[in-house]
2 protein chains.
Amino acid sequence: MTTEKRRAPAGAAVLRGEITSAIRAAVMQELAEVGYGRLSIEAVARRAGVSKTAIYRRWRSKLDLVLDMVSAAAGRNLPLLDTGSLLGDLEILLHVMARALRHRLASQIIPDLLAEAARNPQIAEKLQAALDDYQQAVGRILIGRAVERGELSPDTDRRAAVDLIVGPVYWRMAISRAPLDVEEVPRLASAIVAALRVACLGPVRDEVEV
Amino acid sequence: MTTEKRRAPAGAAVLRGEITSAIRAAVMQELAEVGYGRLSIEAVARRAGVSKTAIYRRWRSKLDLVLDMVSAAAGRNLPLLDTGSLLGDLEILLHVMARALRHRLASQIIPDLLAEAARNPQIAEKLQAALDDYQQAVGRILIGRAVERGELSPDTDRRAAVDLIVGPVYWRMAISRAPLDVEEVPRLASAIVAALRVACLGPVRDEVEV
DNA sequence: CAACGACGGTACGGTTGCGTCCCGACGTGT
DNA sequence: ACACGTCGGGACGCAACCGTACCGTCGTTG
């Protein structure tokens, strides 16, 4: 398509990584402060100490910019180490989640983007993909291991299990916005284990009586 | 302060309730579609088929408007009838929550306002008050009854209990945005009961071993 | 060492929304 | 029947932001 006689950009004609980073950081800050709805390119540029053009050269629009950030943030998967028991694995996961949600940026940006996803198909798609990855990872690793160990029934409903695991922590920290002390984690973990044991009846079958 | 010689407004010089309702409805629609961040008085007026002045006469600003709506919506408390068992009470509550979150308006507006609350003190205050009311109601009624019946330990941690009850449903419907079939509710309820039994060790005491 | 070419920054027109002011319309109380 | 006084509606000035076009700068490549 393009003429291959053009030589590769070089010298000053190349994106400066430091500026890209500055923009990324500014977007996070701005996203936390005003949310996606009111995120403005001008404000990002101001905060980053950069011109608007610098932003438009890298991303086509505000949506592109945020989608890229989401992809980058969602890319890093959580390596859940095997502690040998469902309870131990759960405690680790809860600690990781709590640690992440304790950061001001995360606890403001995540709910904001999730709310935005409810009305923006593009964000919803990207975010749902990331969320599904996360949930599947939790389901496969945590629940999968527990099933292998015989701690849970093989036909445990993964989706319901993830709800029981992730829901309480998210509600507490991102919605209720009450701190979750580290001392509370073990108790919460054991409560969830109890719930999972009961919920392991698997997908609802038609044997339900009326 | 004001001269009491002024006679009360009458005739056409009085707020028309139908218009007030139209505005309220339009705000809900608009809030669901673009969120609080991008909520504009002009758009509300357009959608309601009403002039901007009509809105400014009733509320001083956009914030006032939304705060008023929140108060109105949060005002109605949930009457949880007593089924005689924690499991039964829980199923009722879960059904009520699921029913509420199934509405498109609710499932879009609630997460949006909760996210906005993270950065707007005024909204946070109003919303936290409503949320606290809700959580205390759940805690007092559901947990309280269960304790009286002897189903739960008296020193059950109310806050942790509410997290375990509300978290999973909210995560499933408002975040994960996956449907919650009615057939799943009983299983979820029994799982939560199991969790509550374990979590009823009460506030963490210093007896924790290392 | 010279020329290339994309870089970052400024300036611009167009659009949108805010909050206010003024106008004619209208229905109740005197 | 009249006068009162608030109503809803349209218009205005102001501010912020979008996305683009243009400008001088600068480092590498040949």
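Convention: sequence-line order gives letters A, B, ...; per-chain numbering from 1.
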Counting only non-hydrogen atoms, which of residues 51-59 of chain B are less than 4.0 Å from DNA chain D? Ser51(B), Thr53(B), Ala54(B), Arg57(B), Arg58(B)
How many angstroms lie between atom CG of Leu188(A) and atom CG of Asp181(A), to the nearest 0.5 angstrom? 12.0 Å
Would you please test Glu42(A) and Lys52(A) for salt bridge (charged side-chain N to carboxylate O under 4.0 Å, His left out) and show each step? CA-CA 6 Å; Glu42(A) 301 225 342; Lys52(A) 278 197 296 177; 2.9 Å; yes
Nearest-Å distance for atom pair CG/P, residues Asp64(A) and dC18(D): 15 Å
Any sub-3.5 Å donor-acceptor pair from Gln108(A)'s side-chain atoms to Ala118(B)'s backbone N or O? yes
Could you go through residues 165-173 of chain B and list every donor-acceptor pair under 3.5 Å that involves a side-chain atom there, pairing it with any protein atom two or more places apart or in another chain?
| from | atom 1 | to | atom 2 | distance (Å) |
| --- | --- | --- | --- | --- |
| Arg172(B) | NE | Pro179(B) | O | 3.4 |
| Arg172(B) | NH1 | Asp163(A) | OD2 | 2.4 |
| Arg172(B) | NH2 | Glu184(B) | OE1 | 2.9 |
| Arg172(B) | NH2 | Glu184(B) | OE2 | 3.3 |

Indicate yes or no for a side-chain donor-acceptor contact from Ser107(B) to the backbone of Arg102(B) under 3.5 Å, with no hydrogens or angles considered. no
If only atom types and distance count, is the side chain of Arg58(A) paired as donor or acceptor with the main-chain N or O of Ala54(A) below 3.5 Å? yes
Could you give the CD1-to-P distance, from Ile23(A) to dC7(C), as a whole number of Å? 12 Å
Leu65(B) CG - dC18(C) C1' separation (whole Å): 14 Å
Interatomic distance, CG@Asp68(A) vs CZ@Arg24(A), rounded to 0.5 Å, equals 4.5 Å
Rounded interatomic separation in angstrom, taking CD from Glu18(A) and C1' from dC26(D): 14 Å
Sub-4.0 Å heavy-atom contacts from residues 25-47 of chain A onto DNA chain D, ordered by number: Leu39(A), Ser40(A), Ile41(A), Glu42(A), Arg46(A)
Starting at CG of Leu94(A), measure out to CG of Leu180(A) and round the result to the nearest 0.5 Å. 8.0 Å
CG of Leu15(B) versus C1' of dG27(C): gap in Å, rounded? 14 Å
